[in-house]
4 protein chains.
Amino acid sequence: MATAPRRVGAESSATRALILSAAETVMREEGYAATSTRRVAKQAGLKPSLVHYYFPTTDDLLLAVFRKGAEESDAWLDEALASPDPLRALWKLLTDTSRTELALETMALANHRKAIRAEIAAHSERMRARQVEAFTRVLGGKLAGPEACPPAALSLILAGIGRALIMEGAFGVESGHAEAKGYVERMIERMMAPAKG
Amino acid sequence: MATAPRRVGAESSATRALILSAAETVMREEGYAATSTRRVAKQAGLKPSLVHYYFPTTDDLLLAVFRKGAEESDAWLDEALASPDPLRALWKLLTDTSRTELALETMALANHRKAIRAEIAAHSERMRARQVEAFTRVLGGKLAGPEACPPAALSLILAGIGRALIMEGAFGVESGHAEAKGYVERMIERMMAPAKG
Amino acid sequence: MATAPRRVGAESSATRALILSAAETVMREEGYAATSTRRVAKQAGLKPSLVHYYFPTTDDLLLAVFRKGAEESDAWLDEALASPDPLRALWKLLTDTSRTELALETMALANHRKAIRAEIAAHSERMRARQVEAFTRVLGGKLAGPEACPPAALSLILAGIGRALIMEGAFGVESGHAEAKGYVERMIERMMAPAKG
Amino acid sequence: MATAPRRVGAESSATRALILSAAETVMREEGYAATSTRRVAKQAGLKPSLVHYYFPTTDDLLLAVFRKGAEESDAWLDEALASPDPLRALWKLLTDTSRTELALETMALANHRKAIRAEIAAHSERMRARQVEAFTRVLGGKLAGPEACPPAALSLILAGIGRALIMEGAFGVESGHAEAKGYVERMIERMMAPAKG
DNA sequence: AATGAATGAGATTTCATTCAT
DNA sequence: CATGAATGAAATCTCATTCAT
């Protein structure tokens with residue numbers, strides 16, 4: 001949906017890329033709420049007006065940061081799902097601190113910036129759909145039975161547990177973390193085990 | 001000659017309670033980053049200076065909001081864990097939108113307010129410990145076996161999945177939600193089922 | 001002249017003394033401009049309203065601080081001028097860091113608080129007059145001749161040089177200090193030397 | 001891509017000069033403690049935000065005021081020391097009310113603004129050194145003998161007495177002033193007199 | 001004799017945004 | 001492309017002072 005055609009700086013500009021990367025850094029280190037044009041400019045070593053030249057409004061900037069992160073996420077997800085052991089690869093991704101930190105700030109962003117919310121939601125849905133498709137392919141018939149976990153549930157569950165680990169870890173809570181990781185790993189193991197009998 | 005109690009605004013003041021409740025509302029509706037004295041004062045229908053009279057610094061205010069929420073959380077958790085079916089009661093709590101929304105903002109708060117982080121972390125650890133103790137009591141011997149979920153892991157997992165449901169729901173993502181809820185409920189059912197023969 | 005009869009707390013109250021002494025500390029350490037009721041209250045461990053109870057306005061407080069300091073100054077000056085070697089005793093007083101620091105803040109005060117200015121000026125004149133009288137008594141006939149220093153000039157000169165030493169010392173300038181002290185001491189020596197044949 | 005000059009507001013801007021001159025006026029008339037952005041903006045007839053545009057922090061503003069004053073002082077000092085009668089010219093400078101008033105506020109500033117202190121101290125030392133050099137050149141061999149005043153002492157003494165005259169004059173104390181001025185003038189006369197015999 | 005509550009003003013700073021060049 | 005200038009709004013905090021109890 002976006003804020004439309006008022007984007008100025010060419011997509012390909014090096015300055016634009018510099019600004020985006022500075023914005024991502026600020027967002028990761030100080031949170032989306034601190035991601036102002038001023039701070040981003042300072043981080044990039046540029047003047048605030050230049051940031052506004054490339055991203056007329058703050059929403060334009062935040063949206064661009066989200067899109068860049070989303071593209072990278074897509075690539076990582078593709079790679080993970082295409083690997084021989086997609087569940088384990090995905091789980092590794094979901095517990096990667098630096099990636100998930102950004103994802104968490106993105107969620108906070110979605111919660112408080114109406115203009116960006118829809119796009120973030122759409123992207124989340126797409127990622128879930130792709131996981132569901134991959135899980136179905138990989139897990140095949142093992143999805144029946146009383147203990148079976150539907151692929152969409154699996155997607156949400158892994159994401160939720162991953163985020164909980166990162167979020168709590170960020171402020172020093174560690175109890176239960178080792179146990180939870182172990183549990184997920186055993187769960188994946190059982191799922192990937194050759195059907196018995 | 002008096003020895004100067006440092007804290008202003010008696011714990012019992014009605015104005016203080018009004019401010020706290022306004023702050024909680026703002027925090028829930030607009031996020032911790034919007035919880036400024038001005039904004040809270042407007043919500044409460046008071047002058048900004050009066051907010052500063054009761055809570056000299058913003059951290060004081062945020063900390064008080066957290067403490068109030070924590071006390072309520074403790075009470076709800078106590079009640080849930082004391083119920084005949086603690087797992088289901090806890091799960092209901094964790095998927096209660098309004099409560100968990102506040103918990104999510106609290107986590108964002110912890111991420112960006114050093115002064116409050118330690119207290120939030122300590123509270124999280126305490127809540128986890130209480131759940132672990134209750135789970136151990138309830139689940140008894142069923143915690144062995146390859147599929148068993150250690151109580152600390154269970155605590156983290158339920159919290160993580162609950163938060164994922166609320167967070168995504170908040171911005172309109174619903175796919176996988178029904179399945180995940182179903183899965184958790186079946187999981188709880190298996191756990192609470194009488195040990196088989 | 002003063003701000004008249006609205007002083008409340010009895011002159012003799014211990015709380016009043018506590019406030020005054022706290023105010024003096026703040027004034028010495030942070031300057032007259034920082035000497036607010038709030039800061040003084042904090043320094044004294046009292047509530048701001050209590051400070052206002054004893055000193056309705058900030059000028060009342062500052063005036064009282066000045067008066068207390070002036071009384072002490074008077075006492076010290078009396079003692080110095082009554083000593084067998086009044087010039088040297090006075091010079092020692094004028095180069096006493098802690099006393100002169102307060103005197104300097106008092107001058108800043110006089111410069112910017114109309115209500116207090118007149119009283120400070122009057123006190124300065126009184127102190128000068130007492131010094132002139134003492135110098136005349138001590139120096140007797142030595143005040144004639146081309147090199148002679150009139151007593152009033154001597155009073156101003158010693159005060160000025162003393163303040164310069166303290167002021168500069170406060171922010172780390174020391175060059176010329178030893179020489180200036182030496183010069184003043186020799187000057188005093190010459191003055192106190194028995195008239196030559 | 002630009003490398004972002006940090007300083008805003010070109011050194012040459014007319015607005016910047018206007019602000020600086022307004023700040024100097026406020027500082028002279030109401031003291032350094034009153035030199036706030038608001039106050040200065042009002043004096044200059046500008047919006048407070050514009051003052052912040054040129055001087056991001058209050059220290060930046062105060063530092064710039066000091067530097068401008070210091071440059072002017074340097075020029076005046078140069079001129080005085082280069083004159084045929086450097087001692088008298090310097091003494092005239094030191095008793096010039098408007099210049100010394102600003103110097104006095106600058107000292108108060110140094111006392112209470114850590115960030116600026118070092119620069120003020122360094123400048124004071126430099127001015128003293130230049131005076132010492134000039135005095136030595138002018139006074140030549142007359143610096144020996146029991147009554148001789150070392151040049152560094154002379155610098156401090158003249159400054160101290162000059163400041164005392166201005167400071168006291170500012171709040172209405174005049175006694176001893178004529179005598180002190182006379183004494184200093186005679187002192188200078190003796191020093192500049194051709195060596196006898 | 002003391003204190004809690006309340007308030008308007010102002011200080012310091014950050015911010016997004018607009019505009020002219 | 002890029003930047004300097006300008007501005008109104010708001011955030012955070014400190015302040016002196018008044019008033020009722």
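Each chain gets a letter, A, B and so on, in the order the sequences are listed, and its residues count up from 1.
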Contact between Arg113(B) and Thr58(B) at the side-chain level, heavy atoms closer than 4.5 Å - yes or no? yes
Separation of [N] [atom2] from [X] [atom1] (nearest whole Å):
X: Lys47(A); N: dC1(F); atom1: NZ; atom2: C1'; value: 13 Å
X: Tyr32(D); N: dA11(E); atom1: OH; atom2: C1'; value: 14 Å
X: Asp60(D); N: dA11(E); atom1: CG; atom2: P; value: 18 Å

Evaluate whether atom NZ of Lys68(B) has more than 12 neighbouring non-hydrogen atoms of other residues, nucleotides or ligands under 6.0 angstrom away. yes
The side chain of [X] is closest to which nucleotide in this list: [options]?
X: Tyr54(A); options: dA2(F), dT3(F), dA2(E); answer: dA2(F)
X: Tyr53(B); options: dA5(E), dT3(F), dA2(E); answer: dA5(E)
X: Leu50(B); options: dA6(E), dT7(F), dT3(F); answer: dA6(E)

Given Watson-Crick or G-U pairs with both distances under 3.5 Å, what dot-bracket string fits DNA chain E, with | for other-strand pairs and [ ] for crossing? .||||||||||||||||||||
Exam field: side chain [X] to backbone [Y], donor-acceptor pair closer than 3.5 Å:
X: Thr106(A); Y: Leu102(A); value: yes
X: Arg117(A); Y: Ala110(A); value: yes
X: Arg38(A); Y: Pro48(A); value: no
X: Glu105(C); Y: Arg28(C); value: no

Annotated protein contacts, base or backbone, on nucleotides 13-21 of chain F with a non-hydrogen cut-off under 4.0 Å, one of B, S, - each: BBBSB----
Taking every non-hydrogen atom, the tightest pair across Ala22(B) and Gln43(B): CB-CG, 3.6 Å
If you assign Leu46(D) and Ala33(B) each to the DNA chain F nucleotide with the nearest heavy atom, which residue ends up on the more 5' nucleotide? Leu46(D)
I need the Arg67(D) CZ to Ile120(D) CD1 distance, nearest 0.5 Å. 10.5 Å
